Amino acid sequence: MRAGQKIKEILKTSPTGQLVTVMGWVRTFRNNQFIALNDGSTNNNLQIVVDFAATPEITLKRITTGAALRATGTLIASLGKGQTVELKADTIEIVGDSDPEKYPLQPKKHSLEFLREIAHLRFRTNTFGAVFRLRNSLAFAVHTFFNERGFVYMHTPIITSSDAEGAGEMFRVTNLDITNPPKDSEGQIDYKQDFFGKSTNLTVSGQLEGELAAMAFSDIYTFGPTFRAENSNTARHLAEFWMIEPEMAFCDIHDNMNLAEEMLQYLIAHVLQNNKEDLEFLSNRLEEEEKQKPQNERSELSLLHKLQFCLDNKFERVTYSQAIEILRESNHNKKKKFQYLVDKWGVDLQSEHERYLVEKHFKKPVILIDYPKEIKSFYMRQNEDGKTVAAMDILFPGIGEIVGGSQREERLDKLELRMKEMGIPAEDLSWYLDTRRFGSCPHAGFGLGFERLVLFVTGMTNIRDVIPFPRTPKNCEF
RNA sequence: UCCUUCUUAGCUCAGCUGGUUAGAGCACAUGACUGUUAAUCAUGGGGUCCCUGGUUCGAGCCCAGGAGAGGGAGCCA
């Protein structure tokens, strides 16, 4: 079947009357003469010029929005103004019809909410074409980044029996008959009879297994799906999302921050270089959208400038304690403009506080470190002050927390003590504690929510629009 | 899960103080035109006013319950 060229490549060539075959889907058909054909390789359409006098009427009728077709003809300099080249068609073959009365996509602007309901067709729009080409490009660049630095790509399990990670509510995995599960002598569900002979769940993080591998390969990363059964209904949460989790042996919190910052800048630089067209499209789209907002709500930088800004400026590194001081002394706090006023050390920062730090005070990405141990996980390394742990969160404008990481507690006695304090049974994690028993070493890692990165890079505002088929509470279509 | 706003044609939306036959633009169909750029012009078809119940002579509009969506918050990545 395939013996044609991608439109992206054709648009790059200079037209010399060469014979060309293309396949794609009709975006619009104007004047019974001009087909805007798109094959997903780029947002730019190839204009196919049909000789309507020489084409059977029945064929013309079948050239409708959404129809798949193959066109062969000569590539010439366009006689019209909107494009430089066009294909003067000799033959048009309708590969797949599209009933114009029923096809939901029109050559006009649709709301993102409507397109979300037809997620199976939204790839065919300019916006989602750009978004998912960028998503692809970013995913590829993640692997390139780590591969260039000698990291081993580790596939951590999707199904897990460990439920001590504390990263969130989990989805149970079972093949027991849920209408009539087997019970043990105490009347509890008897998971010994379940598929794995024990209670199992979908993973909420690959970190603990990642640490095991890092204690052999030195530098590893995972990049896979994770699942959280939290009832979170926001534009920044998904029940199924993709996470990138590097883990590095013989590294501390500072190496960790350096890697995270280097990686984010690498990925942004990669798309600025390789996906300029799609970024320009999204940047313009955003500007158009913002014209409808009042002046004071518009963003100061365009999407392209915002991305460039992240490359040109070091991320601001501040400790939790410094952040609390800044917030407490801010006019915003003194004038009681925060819903939650900042008064004492030890409270968790609300997203209004994070936004203030990133968007108002520093006006650039911020790395917050050394959080109070009470508000962080058991595995984070305790600092010498006895109050804080070597945790780091990277906050991005418009997104909030995009990276969460830490130096891990490598000292067995301190780790065991902390687990006891937090009520985490050591016997469940003996395999994890073994890394601290046999050749323990300082190590660190972080988790990057891939969709949050795609949100930031594309300038989209709802996380459901940067994953093909979003899974959220009460929504699992397609 | 909490607060808040919304749900009317395929899409985006209007619909006055509760009043009799629910509108517009786009899309679609038919025709005209034929170098168009979301083509243009003319004509036409198209409605479970989210669902259930209630108030009323009369409900798209008022009341109660439910469902779904958007924005904000919490949990986090």
Side-chain angles (χ1 to χ4, degrees), chain A residues 27-36 44-45 47-53 60-61 64-66 76 78-83 86 88 98-118 121 125-126 165-169 204-207 222-245 260 338-340 348-355 375-377 392-396 399-405 446-456 461-467 472-475 477:
Chain A
R27 284 289 175 85
T28 61
F29 184 35
R30 284 185 294 269
N31 219 5
N32 232 0
Q33 249 186 121
F34 304 104
I35 303 168
N44 296 317
N45 303 319
Q47 173 154 289
I48 315 286
V49 185
V50 183
D51 183 355
F52 65 93
L60 291 175
K61 285 271 182 244
T64 58
T65 307
I76 57 169
S78 182
L79 306 177
K81 287 200 179 105
Q83 56 286 313
E86 62 190 17
K88 195 165 155 35
S98 172
D99 184 345
E101 290 220 55
K102 296 190 180 135
Y103 188 62
L105 291 172
Q106 303 159 15
K108 71 165 219 175
K109 205 174 163 171
H110 288 293
S111 68
L112 295 174
E113 290 82 7
F114 169 66
L115 293 171
R116 218 171 282 153
E117 289 170 19
I118 50 166
L121 296 172
T125 64
N126 285 333
E165 291 160 36
E169 286 295 310
V204 292
S205 161
Q207 180 200 316
T222 74
F223 185 4
T226 45
F227 307 88
R228 300 203 182 160
E230 300 286 344
N231 190 12
S232 299
N233 294 283
T234 80
R236 290 178 300 281
H237 290 85
L238 290 164
E240 176 184 296
F241 65 100
W242 290 66
M243 190 150 64
I244 297 149
E245 295 176 288
F338 286 128
Q339 202 184 336
Y340 296 89
D348 208 350
L349 296 178
Q350 305 288 316
S351 49
E352 60 175 341
H353 303 139
E354 295 179 349
R355 277 219 306 278
I375 58 174
K376 288 291 179 185
S377 304
M392 64 133 183
D393 283 359
I394 302 186
L395 310 177
F396 262 34
I399 309 288
E401 185 178 343
I402 193 166
V403 163
F446 61 84
L448 167 72
F450 185 57
E451 282 76 16
R452 289 191 180 172
L453 175 69
V454 182
L455 265 186
F456 181 75
T461 51
N462 194 315
I463 202 162
R464 296 162 197 215
D465 295 330
V466 297
I467 188 166
T472 52
K474 299 280 185 295
N475 183 355
E477 294 302 310

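Keep in mind that what you see is a predicted model, and the values were worked out from it rather than measured. Below, read A as the first sequence line, B as the second, and so on, with proteins coming before strands; counting in each chain starts at 1.
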Trainee: Tell me the partner of B:G35, counting only Watson-Crick (N1-N3 plus N6-O4 or O6-N4) or G-U wobble (N1-O2 and O6-N3) with both under 3.5 Å; none if nothing fits.
Mentor: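 B:G35 is paired with nothing.
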Trainee: Could you walk me through whether A:Asp393 and A:Lys376 pass the salt bridge (charged side-chain N to carboxylate O under 4.0 Å, His left out) check?
Mentor: CA-CA 11 Å; A:Asp393 283 359; A:Lys376 288 291 179 185; 3.2 Å; yes
Trainee: What is the distance from CD of A:Glu354 to C1' of B:G74, rounded to the nearest Å?
Mentor: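 From A:Glu354 CD to B:G74 C1': 12 Å.
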Trainee: Take atom C1' in B:G45 and the same atom in B:G35, then report the distance between them in whole Å.
Mentor: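 About 32 Å, rounded to a whole number of Å.
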Trainee: With both distances under 3.5 Å as the test, what is the Watson-Crick or G-U wobble partner of B:A29?
Mentor: B:U43
Trainee: Find the distance A:Phe227:CZ to B:C76:C1' and express it as a whole number of Å.
Mentor: 17 Å
Trainee: May I have the step-by-step check of side-chain contact (heavy atoms from CB on, under 4.5 Å) for A:Ile402 and A:Leu395, ending in yes or no?
Mentor: CA-CA 6 Å; A:Ile402 193 166; A:Leu395 310 177; over 6 Å; no
Trainee: Heavy atoms under 4.0 Å, any strand shown: does A:Phe241 hit a base, just sugar-phosphate, or nothing?
Mentor: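 A:Phe241: base contact, heavy atoms under 4.0 Å.
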Trainee: Determine whether A:Leu238 and A:Glu451 make a side-chain contact, defined as any pair of heavy atoms from C-beta on separated by less than 4.5 Å.
Mentor: yes
Trainee: For a 4.5 angstrom cut-off between non-hydrogen side-chain atoms, does A:Glu245 reach A:Phe223?
Mentor: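 No, their side chains stay 4.5 Å or more apart.
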Trainee: Using a heavy-atom cut-off of 4.0 Å across all strands, would you classify A:Asn462 as base, sugar-phosphate, or nothing?
Mentor: sugar-phosphate
Trainee: Sticking with atom C1', work out how far B:A9 lies from B:C49, rounded to a whole angstrom.
Mentor: 10 Å
Trainee: Provide the Watson-Crick or G-U wobble partner of B:G65, both distances under 3.5 Å; none if there is no partner.
Mentor: B:C51
Trainee: Given the C1' atoms of B:U20 and B:G58, what is the spacing between them in whole Å?
Mentor: 9 Å
Trainee: Which base, if any, makes a Watson-Crick or G-U wobble pair with B:C2, both distances under 3.5 Å?
Mentor: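 The answer is B:G72, by the H-bond criterion.
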Trainee: Roughly how far apart are A:Gln33 CD and A:Gln47 CD, rounded to 0.5 Å?
Mentor: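 CD of A:Gln47 is found 9.0 Å from CD of A:Gln33.
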Trainee: With rounding to whole Å, what would you report as the distance between B:U43 and B:A27 at their P atoms?
Mentor: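 To the nearest whole Å, 16 Å.
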Trainee: Side chains of A:Pro473 and A:Asn233: closer than 4.5 Å at any heavy-atom pair?
Mentor: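 Yes; the side chains approach each other to less than 4.5 Å.
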Trainee: Stepwise, does the side-chain contact (heavy atoms from CB on, under 4.5 Å) test hold for A:Val403 with A:Met392?
Mentor: CA-CA 8 Å; A:Val403 163; A:Met392 64 133 183; 4.1 Å; yes
Trainee: Is any side-chain N or O of A:Ser232 under 3.5 Å from a base N or O of B:C76, one able to act as donor and the other as acceptor?
Mentor: no
Trainee: Identify, between A:Thr461 and A:Gly404, the residue whose nearest nucleotide on RNA chain B lies closer to the 5' end.
Mentor: A:Thr461
Trainee: In whole angstroms, how far is the C1' atom of B:A69 from the CZ atom of A:Arg116?
Mentor: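 The distance from CZ of A:Arg116 to C1' of B:A69 comes to 9 Å, rounded to the nearest Å.
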Trainee: Taking the C1' atom in each of B:U55 and B:G74, what is the distance between them to the nearest angstrom?
Mentor: 39 Å
Trainee: Nearest whole angstrom, please: distance from the C1' of B:U12 to the CD1 of A:Ile118.
Mentor: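 Computing the A:Ile118:CD1 to B:U12:C1' distance gives 14 Å.
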Trainee: At under 4.0 Å between heavy atoms, what does A:Ser111 touch on the DNA or RNA strands: base, sugar-phosphate, or nothing?
Mentor: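 Sugar-phosphate only.
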Trainee: Measure from the side chain of A:Arg464, starting at C-beta and using heavy atoms only, and say which of B:G74, B:G70, B:C75 lies closest.
Mentor: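 Among B:G74, B:G70, B:C75, the one nearest the side chain of A:Arg464 is B:G70.
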Trainee: Whether A:Gln339 contacts B:A73 is assessed here as follows: a side-chain N or O lying under 4.0 Å from the phosphate OP1 or OP2. Is that the case?
Mentor: no
Trainee: Using atom OH of A:Tyr340 as one end and atom P of B:C3 as the other, report the distance to the nearest whole Å.
Mentor: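 It works out to 13 Å between those atoms.
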Trainee: Identify which nucleotide among B:A73, B:G70, B:U12 has an atom closest to any side-chain atom of A:Phe114, counting heavy atoms from C-beta outward.
Mentor: B:U12
Trainee: Side chains of A:Phe338 and A:Gln350: closer than 4.5 Å at any heavy-atom pair?
Mentor: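 They are not in contact (no side-chain heavy atoms under 4.5 Å apart), so the answer is no.
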Trainee: Does A:His237 get its side chain close enough to the base of B:C76, under 3.5 Å, for a donor-acceptor pair?
Mentor: yes
Trainee: What I want to check is whether an N or O donor and acceptor connect the side chain of A:Gln106 with the base of B:G10 at under 3.5 Å.
Mentor: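 Side chain to base: pair found, below 3.5 Å.
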Trainee: Which value, in whole Å, describes the distance between the C1' atoms of nucleotides B:C50 and B:U8?
Mentor: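 Going atom to atom, C1' in each nucleotide, I get 10 Å.
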Trainee: Rounding to a whole Å, what distance do you find between A:Asn475:CG and B:G70:C1'?
Mentor: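 Value for this atom pair: 14 Å.
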Trainee: Over all strands shown, is A:Leu238 touching base, sugar-phosphate only, or nothing at heavy-atom distances under 4.0 angstrom?
Mentor: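 Base, at least one base heavy atom under 4.0 Å.
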Trainee: Compare all side-chain heavy atoms of A:Arg452 with those of A:Glu401 and state whether any distance is below 4.5 angstrom.
Mentor: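 SC-SC contact between A:Arg452 and A:Glu401 confirmed.
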Trainee: Let's test this: given Watson-Crick or G-U wobble pairing with both distances under 3.5 Å, identify the partner of B:U12.
Mentor: B:A24
Trainee: At under 4.0 Å, does any side-chain N or O of A:Ser351 touch on OP1 or OP2 of B:A73?
Mentor: yes
Trainee: Check the distance between B:C75's C1' and A:Leu349's CG and give it to me in whole angstrom.
Mentor: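 One finds 15 Å between C1' of B:C75 and CG of A:Leu349, rounded.
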Trainee: Assign each of A:Lys376 and A:Tyr103 to its nearest nucleotide of RNA chain B by heavy atoms, then name whichever residue's nucleotide is nearer the 5' end.
Mentor: A:Tyr103
Trainee: Quantified in whole Å, what is the C1' atom distance between nucleotide B:U48 and nucleotide B:U56?
Mentor: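 Per the computed distance, 22 Å lies between those C1' atoms.
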Trainee: Just how far is it from atom NZ of A:Lys88 to atom CG of A:Asp51, taken to the nearest 0.5 Å?
Mentor: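 It comes to 6.0 Å.
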Trainee: Between B:A14 and B:U21, how far apart are the two P atoms, rounded to whole Å?
Mentor: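 Comparing P positions in B:A14 and B:U21 gives a spacing of 24 Å.
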Trainee: Atom CZ of A:Arg355 to atom C1' of B:A73: distance rounded to whole Å?
Mentor: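 It is 10 Å, rounded to the nearest whole Å.
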Trainee: In B/S/- notation, 5' to 3', how is nucleotides 28-47 of chain B contacted by protein heavy atoms closer than 4.0 Å?
Mentor: SS----BBBBBB--------
Trainee: So for A:Arg236 and B:C75, does any side-chain atom that can act as donor or acceptor lie under 3.5 Å from a complementary atom in the base?
Mentor: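 For A:Arg236, whose side chain was compared with the base of B:C75, there is no donor-acceptor pair (under 3.5 Å).
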